[in-house]
Structure formats: C-alpha cells, structure tokens
Amino acid sequence: MPAPDQISTRPTTADIRRDFLEFFAGRGHTIVPSAPLVPGNDPTLLFTNSGMVQFKDVFLGAEKRSYVRAADVQRCLRAGGKHNDLDQVGYTARHHTFFEMLGNWSFGDYFKRDAIAWAWELLTGVWKIPAERLVVTVYHTDDEAHAIWRDVVGVPEDRIIRIGDNKGAPFASDNFWQMADTGPCGPCTEIFYDHGAHHFGGPPGSPDEDGDRFIEIWNLVFMQFDRQPDGRLEPLPAPCVDTGMGLERVAAVLQGVHGNYEIDLFQALIAEAARLTGTSDLDNKSLRVIADHIRACSFLVADGVLPSNEGRGYVLRRIIRRALRHGWMLGVRQPFFHRLVATLDAQMGEAYPVLRDQRALVERALLAEEERFAETLDSGMRIFDEVAARSDAASSGVIPGADAFRLYDTYGFPLDLTADMARERGMEVDTAGFDAAMAQQRETARAAGKFGGGTTLPAELVARMQPTAFLGYDHVQAGGLEVVAILRDGVPVERIEAGDEAIVFLDRTPFYAESGGQVGDTGELDAQGVAFVVEDTRKFAGQFHGHVGRLRSGALAVGDHVLAGVDAARRASTVLNHSATHLLHGALRERLGTHVAQKGSLVAPDRLRFDFSHFEPISADELRDVERRVNDEVRADHGVEIREMGMQEAIDAGAIALFGEKYGERVRVVKMGDSVELCGGTHVGRTGEIGLFKLVSEGGVSAGVRRIEALTGRAALEHVARGEARLDEAARLLGGTAAEVGDKLRTLLDRQKKLERELETLKARAASSATADLSAGAVDVGGIKVLAVRIEGLDARALRDALDRFKQQLGDAVVLLAGASDGRAALVAGVSGAALGRVKAGELLSHVAAQVGGKGGGRADMAQGGGEDGPALQAALAEVPGWVAARLA
C-alpha cells in the first residue's frame with residue numbers, strides 16, 4: 001500500500017480551495033460565497049455549524065434559488081449549543097472550533113450516480129490520492145449507492161462497508177442523515193482515508209473504528225425522503241444532494257501529514273504563536289489551542305460578533321479567554337493574541353475578503369479583550385490554585401461548583417476554562433453545583449445560546465406560491481391584487497370573516513415588509529364591502545410579504561382581488577429616516593474610521609436608531625462633526641441612484657453589506673453621495689428631501705457597540721423648536737435674551753457657590769456656639785469622659801465637625817451626638833484616647849439607632865447613622881453612660 005508521501009502533489013490549503021471550486025464550476029455548479037458565521041435570518045441557530053445552513057430554507061421548500069447546482073467553501077463554527085467541540089480543541093489531532101467545509105449541492109438535479117462519480121474523480125483523478133487508500137461506507141439498505149461504488153466507480157466490494165442502525169432506533173445510523181425529527185432526510189455515503197497500519201484503529205463499523213488509522217474526509221448525503229411524525233419515510237418529489245468535506249482533513253491527506261495541525265495553514269499560525277510567546281517546542285498543545293482559536297475569534301468579530309456576557313458574544317469571550325489562558329501558561333503576561341491576526345490574514349484573507357476588510361476592527365476588539373482579561377487572569381489563577389490545593393478538593397479530585405461559579409462571576413472564567421485547568425491536574429468540576437449557582441443569577445443574566453424561533457410559512461404554501469412582487473418602490477397604492485393565501489392562527493384558510501385576525505398574502509403589493517431595520521408598512525386592503533386593516537407587514541421565507549391585521553368588514557377569500565393602500569404619510573416619514581441612516585453610517589466611517597460597521601438599526605416613522613461598532617464614547621466635538629457631515633450631504637441634494645446587480649459585482653464596486661442581513665444573488669445597490677450600500681428598503685429621490693438631520697442621543701449598548709438616535713424632517717424641526725422654547729423660557733427666568741443665557745447662568749452659579757460658602761461658615765459658627773458649653777455635661781465613667789446629647793438643627797456634616805471638637809476637648813472620651821430636625825435624628829459616635837480598644841463607636845451607634853427605629857455602623861473610632869427624634873431618643877441617650885460602663889467592665 002502506498003505511503004502518504006507517495007501522493008504526487010503537495011497542494012497548499014489555498015490550492016485545495018481553488019481546485020475544489022474550479023472542479024465543480026466546470027460541472028455546471030454556481031459558486032456561492034461563504035455565508036457569515038452568524039446565520040442570516042435564522043434565530044434557531046447560534047452559529048453556522050455546517051455547509052448546509054445557508055441552504056436550509058431551500059431544502060425545507062421555503063426558499064427558491066435560480067440555480068439547481070451549487071458549490072462553496074463555508075466557514076463554520078462549533079463552540080456553542082448542540083455542536084460544541086471546544087473542550088476537545090488542543091487535546092486531539094482533528095477537533096477545531098473554526099473549520100472550513102467544502103460542499104457541492106444538487107437541488108432536485110443530479111443525484112447519487114453523479115455525486116459519487118465526481119467525488120471519486122476529484123480525489124483520485126485531480127488530487128491523485130491512491131485509490132487503495134480509500135474506503136467507503138453506505139447505509140446498509142442503500143443498494144443503489146453500493147452498486148454505483150462497485151459497478152460504476154470500480155471500488156472493490158471488500159472496501160465498501162454497509163453501516164446499519166447502531167443507535168437503538170430505526171434510521172439512527174452514522175450513515176443516515178436527517179435535519180430534524182421530521183422532514184428531509186436520507187442515507188449517506190462516507191469516504192475514509194487509510195493513514196496506514198502504523199496507526200492504531202480499524203475500518204468504520206469495526207470495534208476499533210475510533211482509532212486514528214481510518215479518517216472520514218467526505219460525506220455525501222442523499223436527501224430522498226420526508227420523514228413523517230409517525231416515522232414513515234415518504235419519497236421527496238425532488239431528491240437533493242448535500243455533501244461536506246472538511247478542508248483541514250483533506251489538506252492533511254494531500255500534504256502527507258497525519259494531524260490537521262501539521263498542515264501549512266496551521267503551521268504558519270503555530271510558528272507565529274511560538275514566536276510571540278517565546279516557545280521553542282512547536283508541539284506544545286497550547287500553541288495548537290492558540291492557533292485554532294485565533295481563526296474562530298477573528299472570523300466571529302469580522303462577521304459582526306463582539307465579546308459580551310450573553311449569547312454569541314459570550315461564546316466569543318469564552319474562546320478568547322481560553323486562548324489567553326494558554327498564553328499565560330506559556331509565560332506570556334503582555335497582550336499577544338491580537339498580533340496573530342496579521343498572519344491569519346496572510347493565510348486566509350484572499351479567500352475571505354471580509355477578514356482582510358475588517359482586520360483593523362478584529363485587532364482592536366481582541367486587544368481590548370486581552371487588556372480587560374489581563375486585569376483578572378492572574379488573580380483568578382491564584383484563586384484556582386488555592387481551591388485545587390484545599391484538602392476537600394484535593395482528596396475528592398473535584399473543584400466545588402460554588403468555587404467554579406465564583407471564578408466565573410468574579411474573575412470572568414468560563415466553566416470550560418476552569419474545567420480545562422482542572423483536567424490538567426487530573427481533576428473535574430462539580431458542574432451540577434455550578435449550574436445551581438448560575439440559576440440564582442438568571443433573573444438578571446440571560447443564558448447564552450437562548451434563541452427562539454419565529455412564525456414560519458407552511459411548506460405547502462411555499463410550494464404553490466410565487467415570491468411576492470413588490471410594487472412599493474414606485475407606488476403606495478395599487479389595485480387588482482390577488483389574494484393568494486390567508487393564514488389564521490398560523491393555519492392556511494380559504495376565507496375569513498369580519499373581526500378575524502389574519503395574515504393575508506397577495507401576488508403583488510406596494511406594502512414594504514419589515515427588513516433591514518425598516519419597519520413594515522401599515523394601511524388598508526379594500527374591495528367591494530371589504531376592509532382589511534393592515535397593522536404590520538412582515539416578510540416570510542425571505543420572499544413572501546404577509547399583511548398582518550384584522551378584517552374590519554365583509555368577508556375575504558383566497559382568489560379575491562383587492563385595492564392596497566399604504567399609509568403614505570407614515571411611509572414618507574420612514575423613508576426620510578432610512579436615507580438619513582445611510583448618510584449617518586457614511587459620516588461615522590469618515591469621522592471615526594472604517595472599523596465602524598452597522599450592528600443593528602431601527603428605521604421608523606418617528607425616529608431612527610443606529611447601532612455600530614466602536615470602542616469608546618464619542619466626544620461632543622465628534623458628534624457635532626458627524627451631524628454637520630450628514631447635513632452637508634442633505635444640503636448637497638444628491639440624487640439617489642439605485643441599481644440592481646450581482647452580489648459580487650456590488651461588493652467589488654465598494655457597496656457595504658449590512659450585518660445580519662441575508663442577500664440573494666441579485667442585490668439592490670443604493671448610492672447617495674459617497675454612501676454606497678446594499679439595501680432593499682425605500683428611499684428619497686434626492687437627499688435634500690430629508691430637510692434636517694438632528695442627533696438626539698449617543699450611548700453604549702454593550703462592549704464595543706454604540707447607539708445613536710436621531711430625527712429627520714418635521715420631527716427634527718419640532719425637536720429644534722422645543723429646544724428653542726426651553727432656551728427662551730430659561731432666558732426669561734434669568735432676565736436676559738437667549739444669547740445671554742450662558743453668561744447669566746455662570747453669574748448665577750458663581751453667586752450660588754459664594755452664598756453656599758458663606759452659609760457653611762455661618763453654620764460652623766452656630767454649631768461651635770451651640771456646643772461650646774455642652775462638654776461640661778460629660779460624665780466620668782471609669783476615667784473615661786462620656787457625652788451623649790441631642791443638638792437641635794445640626795446636619796450630619798456639622799455633627800461630625802462637632803464630634804471632632806469634643807474628642808479634642810475631652811481626650812479619653814466616648815461621644816454620641818444626635819442632630820434633630822423635622823422628626824428625624826442624624827447620629828454620630830466617636831471614641832478617642834484611652835477608650836480606643838475598649839469601646840467601639842460602631843457598636844455604640846448600632847445600639848442607640850436600634851432603639852429609635854434606625855440603623856447605622858462604622859469603624860471602632862467613628863460611626864454614623866440615623867433614626868427617629870422623640871422620647872425614645874432621649875431615653876437612649878440617657879442610657880449611654882451605663883452602656884459604656886458595662887463595656888469597660
């Protein structure tokens with residue numbers, strides 16, 4: 001059998017990506033760009049964890065594409081939720097948080113024969129992998145795939161392995177794939193590479209299959225069934241192909257190495273990590289962890305995720321801190337992790353332009369997190385060492401859950417980081433105890449990874465409906481529109497009556513469906529005797545406009561025709577805010593830097609809200625400059641140019657894609673002045689229509705994300721008018737004009753400060769006079785002067801001054817003063833001289849305060865508090881000498 005180094009080529013990782021895409025492009029496949037790690041418009045997933053995620057709606061029948069064959073290289077992340085490989089990274093040869101999935105897809109076009117033949121041709125014909133090194137598996141009942149491998153491809157029968165149901169249930173097999181408990185599913189065939197007999201392990205299906213000899217490199221899934229709730233498999237009308245090949249695994253094969261971390265991409269990262277950490281042992285597992293994690297962290301930030309304490313941001317923070325902890329283990333005490341981004345860019349920036357474009361943002365985000373974590377890492381490590389060395393933990397080999405939670409809550413150590421450190425000492429963490437401690441905080445901290453689903457359109461409707469034709473770019477009213485579907489309580493119905501709440505779908509509509517931050521239109525659908533009030537418009541499956549509302553009169557049925565009228569005034573106000581948002585985005589990037597990227601927005605009729613990446617508060621001067629820049633663009637009265645073009649053409653032309661949006665093959669590019677963005681929203685014809693742009697607030701939303709709120713048009717003018725009215729009122733009260741308000745107010749404040757100083761002086765004199773003769777009332781208790789008196793009208797500050805004077809006058813003394821005013825009493829207590837150490841001021845004050853319905857405490861020499869004035873106070877003061885005597889005794 002040929003050794004791995006007999007494979008004739010040694011392609012780089014970049015070569016392999018290119019070879020794969022060129023191979024399938026030559027076989028009629030549309031090359032689809034990698035989707036972001038944050039799934040677009042899919043609230044059910046934390047991250048894109050496989051190549052099929054961006055095609056999920058296609059397989060479910062909820063989305064239609066213009067092509068039936070596709071190929072891509074998809075960036076994936078498995079570090080949260082169901083698919084979480086984080087614990088294994090650094091301890092195995094093939095586990096990663098971030099990885100690349102090569103995939104080719106057929107949506108009802110070719111099926112098993114072509115998928116299998118092309119896979120074999122690429123592996124053995126293009127990449128020249130010796131056929132003797134490959135073993136394939138099929139689902140045990142998939143005779144069709146077995147026959148193709150044997151009779152068409154020519155694989156010997158002893159290297160075609162049938163894999164049965166090995167998980168205790170029908171179709172529960174490694175070779176039977178399903179999207180969920182019901183829905184599209186089917187058998188799969190997997191291709192394994194034999195790394196040689198010098199590695200332990202047996203072929204798939206054998207008792208030793210988990211060894212390192214036979215490694216799966218490609219999985220071809222044949223979706224040919226629709227699994228019913230009762231378990232039956234109904235044939236799909238258009239069977240599909242979904243394949244996935246791990247780039248890192250096939251690169252190891254083609255480069256003649258056994259582990260993924262030995263391929264060229266990882267070797268470059270490991271070498272740089274070793275240089276930055278001063279480590280000479282290139283096999284150190286900490287270097288592997290760091291090399292893996294810089295990929296995951298960099299692409300997460302580039303795709304719009306920033307470190308935080310919840311959701312995706314929390315997962316990112318966990319990965320960063322795990323990498324930093326391994327740097328700490330290598331002796332690094334200065335920020336280093338962010339400096340690896342340059343090497344990563346050199347390795348992957350060409351394949352993923354988003355990484356190159358966002359490199360500055362990635363480096364800043366990682367550096368900020370490094371600096372933040374450095375403040376607590378050293379302290380947290382010491383706490384862990386103390387806990388691990390405690391007798392209870394050392395004897396049981398378990399880190400208590402309460403201590404693990406303390407490390408999490410106080411020092412920012414994620415549970416898996418603590419578990420990582422425990423594992424290195426042969427210990428484990430009491431996760432149940434950790435979970436119990438975490439549960440106590442869940443009222444104020446949302447659990448990471450808690451994502452809910454939304455309303456979905458039944459597949460039978462998607463199958464028979466055409467995408468809604470949007471007329472709203474040119475019209476706010478249109479007639480002759482056909483009702484193609486109605487949903488009531490999520491169920492398709494043929495007819496609704498007056499009073500019913502429903503979602504109505506039309507073949508065409510002028511109503512804009514909420515997306516891209518712009519709110520959905522409201523208005524009315526009318527016909528003879530029929531009025532349906534549209535309270536919102538939402539987009540379903542990315543292409544169907546649902547008119548959400550209530551039938552006010554008449555009856556409405558599928559097939560009826562209606563006149564649709566949008567609330568034109570509301571739409572017009574919304575349009576101003578949407579166009580102004582584009583100008584604001586451009587102004588922020590000009591003033592603050594190109595790291596600014598949209599993180600969310602709200603475009604409503606009454607205001608706009610814009611969230612964006614930035615790492616510090618924006619100064620007043622910067623805000624004024626941003627506002628001026630936007631208004632300059634408004635006054636320039638640029639014509640708004642709108643063009644439709646291919647996605648890649650738009651990106652190449654400099655258009656900015658917005659975070660969290662899902663774009664199709666053809667995109668709408670909106671240009672106004674220097675602002676060029678991908679946008680499906682509605683806009684003004686010229687920027688001058690915006691009239692006026694007015695910033696009203698700026699603040700932080702989360703770590704690295706800021707928020708601006710602003711107004712346009714009439715709302716902005718009314719905001720300015722209200723401000724002028726308040727200024728005029730202030731001028732009237734100050735006895736001057738609006739232009740004089742500043743000077744008048746400064747004069748008034750200076751006068752107030754002078755009067756306050758004079759008042760403090762008078763109060764101090766009054767207090768001194770009021771207390772001058774009180775020291776004569778001190779009683780001697782065992783050689784200690786004890787004074788407890790009530791003084792009318794002194795506040796807490798004056799009481800403290802009086803207390804200091806009494807302590808100086810009396811020497812060895814215990815003093816308690818009560819300043820009475822409006823039924824309340826401020827209390828202060830002090831101990832000085834020989835009384836110190838024998839009587840504690842805090843205990844005395846607590847004793848007195850408890851008797852007058854109050855509370856207080858403090859140090860041994862001074863304490864303060866409060867309570868109620870009245871007979872109880874006089875009685876409590878009278879008891880003080882006896883209380884002191886008891887303490888002295």
Participant: Sequence neighbours left out, what passes ring pair (Phe, Tyr, Trp, His ring centres under 6.0 Å) with His258? Give chain and number order.
Facilitator: His195, His199
Participant: Is there side-chain contact between Phe20 and Asn104, with at least one heavy-atom pair below 4.5 Å?
Facilitator: yes
Participant: With a 4.0 Å cut-off, would you call Glu350 and Arg17 a salt bridge?
Facilitator: no
Participant: Donor-acceptor pair, distance only, cut-off 3.5 Å: does the side chain of Ser34 make one with the backbone of Arg75?
Facilitator: yes
Participant: Could you go step by step and tell me if Ile294 and Val341 meet the side chain to side chain contact (heavy atoms under 4.5 Å, CB included) rule?
Facilitator: CA-CA 7 Å; Ile294 191 61; Val341 177; 4.1 Å; yes
Participant: Among residues at least two apart in sequence or on other chains, which ones pass ring pair (Phe, Tyr, Trp, His ring centres under 6.0 Å) with Phe98?
Facilitator: Phe299
Participant: Considering non-hydrogen atoms only, spot the tightest contact between Ile319 and Leu300 and give its length.
Facilitator: CD1-CD1, 4.4 Å
Participant: Is there side-chain contact between Cys188 and Asn175, with at least one heavy-atom pair below 4.5 Å?
Facilitator: yes
Participant: What pairs meet the salt bridge (Lys or Arg N to Asp or Glu O under 4.0 Å) rule with one or both residues in residues 234-260, with sequence neighbours excluded?
Facilitator: Arg232-Glu234, Glu248-Arg295
Participant: Ignoring hydrogens and angles, tell me if any N or O in the side chain of Thr137 forms a donor-acceptor pair with the backbone of Ile161 under 3.5 Å.
Facilitator: no
Participant: Just jot down the salt bridge (Lys or Arg N to Asp or Glu O under 4.0 Å) partners of Asp212, sequence neighbours excluded, or say none.
Facilitator: Arg94
Participant: Going by the ring pair (Phe, Tyr, Trp, His ring centres under 6.0 Å) test, which pairs reach into residues 206-246, not counting sequence neighbours?
Facilitator: Phe111-Phe222
Participant: For Trp118, give me all partners under ring pair (Phe, Tyr, Trp, His ring centres under 6.0 Å), at least two apart in sequence or on another chain.
Facilitator: His29, Tyr110
